[in-house]
There are 2 protein chains.
Amino acid sequence: MLSRSVQDYLKTIFKLQEGGAVSTTEISKELKVSGASVTGMLKRLSAMELVDYNSYKGVKLTEKGKVVSLEIIRHHRLLELYLKDHLEFSLEKVHEEACRLEHYISEEFADKIDDIMGHPQFDPHGHPIPTKSGVLSEFEDKPLNEVEVGANIQIKRLSDTDSELLAYLEEMGLMPGVQLTVLEKAPFNGPVTVKFANEEKIIGNEIAKNIFVIMNCDEIPE
Amino acid sequence: MLSRSVQDYLKTIFKLQEGGAVSTTEISKELKVSGASVTGMLKRLSAMELVDYNSYKGVKLTEKGKVVSLEIIRHHRLLELYLKDHLEFSLEKVHEEACRLEHYISEEFADKIDDIMGHPQFDPHGHPIPTKSGVLSEFEDKPLNEVEVGANIQIKRLSDTDSELLAYLEEMGLMPGVQLTVLEKAPFNGPVTVKFANEEKIIGNEIAKNIFVIMNCDEIPE
DNA sequence: AATAATATTTAGTTTTAAATAAAATTTTTC
DNA sequence: GAAAAATTTTATTTAAAACTAAATATTATT
Ligand SMILES: [Mn+2]
Ligand SMILES: [Mn+2]
Ligand SMILES: [Mn+2]
Ligand SMILES: [Mn+2]
């Protein structure tokens, strides 16, 4: 069994490796450990053939490493949704619980909750859930603060790290799937005014950065 | 957070401490570690005030230690029942999964599944589930191989360690709650013949040792 | 009561995981 | 090409959890 720590390194590398290799410093910052610790772990991961590691050049997941990472991410997102929809956890609490349990549930556990939920595609924050075979759907979204005035948009996903912010967004009703129109954008990174459910709401810029949206299309995904 | 290992020592001491203090050797045998390892751990547990430890005399849980143990046992049994009744795990698989997850679920998780199941009193093997406040119900049962011929009995609980045996018992329909009549007991630890659901079944002595029963009373507990 | 057998503890190591600081090295930037 | 930044190396540290072998205590046996 891979340790929780090893699994968290893999998840982090997966998350960071969009544009090619991931640097030691990036991982170091994300996990809040020293660079030396990262180098040490990268050697171990490399010995386990979970990553391709080139000194000074950065690190990439191997196919094997990707499979493991996607499995953990799958566990995480299935758990989040299950906690929310079947165990009545509030949205802001699901991340922490899932981030712990993701390392300990069996494949069978994950498959069972997946079945019960009917193979859902998205977690409660709007993140895509990898399939059992490891396929992760992608979409292009952008933060609400970058949308032009007048656009009809749909909330696609929320950043899941700040639980206080999530509690606030849930309170406001700003959840994935909600349709919005951008009425106004104050200059100098000022608040964004949106209309939804026939009400106008003013959303601070810092908050808007954590709300990711897609341009409206006729069919509503998810 | 108490480590998984610490938690398993506590559970073991709880299980063994019926008649007073538990000896190093008993723990050593149960956990399959050396006596020296046990002594080492007992000192640590004692420093954490989870046990009262007297060199050479044995060890007892403190009130604090009991509270922690009962919490883990509660997690274990709630999980077993939830896995069986809500996630469709088969009986022989629940123990292993619960024995792992019991250390990692939050109190909130335990409370949520407890609520959903309506505060059940017994796990799928017939073991009592401690209440949230730490009350563990007790009952007197005895192994099926010690019951006299002619007795009307009810299966109260099954030993939960041997998963192959459990699969067999489930197959046979020998589950907690089932009513039996003992028709015959072969001498020299021979098999026990029982009648239930209008059928006669012969149960080997080794198996009968793992089936714990209570004498029939009018009301059916559970 | 002395001795033998058994149980337990102590002392000293081992393993493994995961981290660190400080020094050395490589890469990048200016 | 020098300075700055990133990265690795080296040598330690911490911690949990185990082990063996030797020493000691308890208990059972004669
Ligand atoms: Mn995690
Ligand atoms: Mn999420
Ligand atoms: Mn356990
Ligand atoms: Mn059980």
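All values derive from a computational prediction rather than experimental measurement. Note on naming: letters A, B, ... go to the chains in the order of the sequence lines (proteins, then strands), and numbering restarts at 1 for each one.
- In this structure, A:K156 is positioned above the aromatic face of A:F139, its NZ or CZ under 6.0 Å from the six-membered ring centre and within 45° of the axis.
- In this structure, A:M41 places its CE atom 12 Å from P of C:dT20, rounding to the nearest Å.
- For A:T24, the listed nucleotide lying nearest its side chain is D:dT8; candidates were D:dT8, C:dT9, C:dA19.
- We find that NE2 of B:H103 is positioned 17 Å from P of D:dA16, with the value rounded to whole Å.
- Heavy atoms of A:S5 sit under 4.0 angstrom from primed sugar atoms or phosphate atoms, though from no base atom.
- A cation-pi geometry, defined here as NZ or CZ lying under 6.0 Å from the six-membered ring centre and within 45° of its normal, does not hold between A:R100 and B:Y104.
- One finds no side-chain N or O of B:Y9 lying less than 4.0 angstrom from the OP1 or OP2 phosphate oxygen of D:dA16.
- Proximity of B:S3 to the phosphate of D:dA17: a side-chain N or O atom is located under 4.0 Å from OP1 or OP2.
- Remark: P of D:dA18 and CG of B:L31 are 8 Å apart, rounded to the nearest angstrom.
- Contact between the side-chain N/O atoms of A:S23 and the OP1/OP2 oxygens of D:dA5 is not found at any separation under 4.0 Å.
- Remark: B:K43 is not in phosphate contact with C:dT9, judged by side-chain N or O atoms under 4.0 Å from OP1 or OP2.
- Atom CZ of B:R4 and atom C1' of C:dA17 are 17 Å apart (whole Å).
- One finds no side-chain N or O of A:S37 lying less than 4.0 angstrom from the OP1 or OP2 phosphate oxygen of C:dA19.
- Between B:Y82 and B:H86, the angle of the ring planes stays under 30°, which puts this pair in the parallel group of the 30/60° scheme.
- Side chain to side chain, B:S3 and B:S5 fail the donor-acceptor criterion of an N or O pair below 3.5 Å.
- As a whole-Å value, the separation of B:I27 CD1 from C:dA7 C1' is 13 Å.
- At a threshold of 4.0 Å, the pair A:K11-A:E102 counts as salt-bridged, since one of the basic side-chain nitrogens sits closer than that to a carboxylate oxygen.
- Geometrically, B:K112 engages A:F89 in a cation-pi contact, judged by NZ or CZ lying under 6.0 Å from the ring centre and within 45° of the ring axis.
- Rounded to whole Å, atom P of D:dA17 lies 10 Å from atom CG of B:L2.
- A side-chain donor from one of B:H76 and B:H95 sits under 3.5 Å from a side-chain acceptor of the other.
- Against DNA chain D, the stretch residues 44-58 of chain A makes heavy-atom approaches under 4.0 Å through A:Y53, A:S55, A:Y56.
- Rounded to whole Å, atom P of C:dA18 lies 13 Å from atom CG of A:L42.
- Using a 4.0 Å cut-off, no side-chain N or O of A:S34 falls inside it from OP1 or OP2 of C:dA19.
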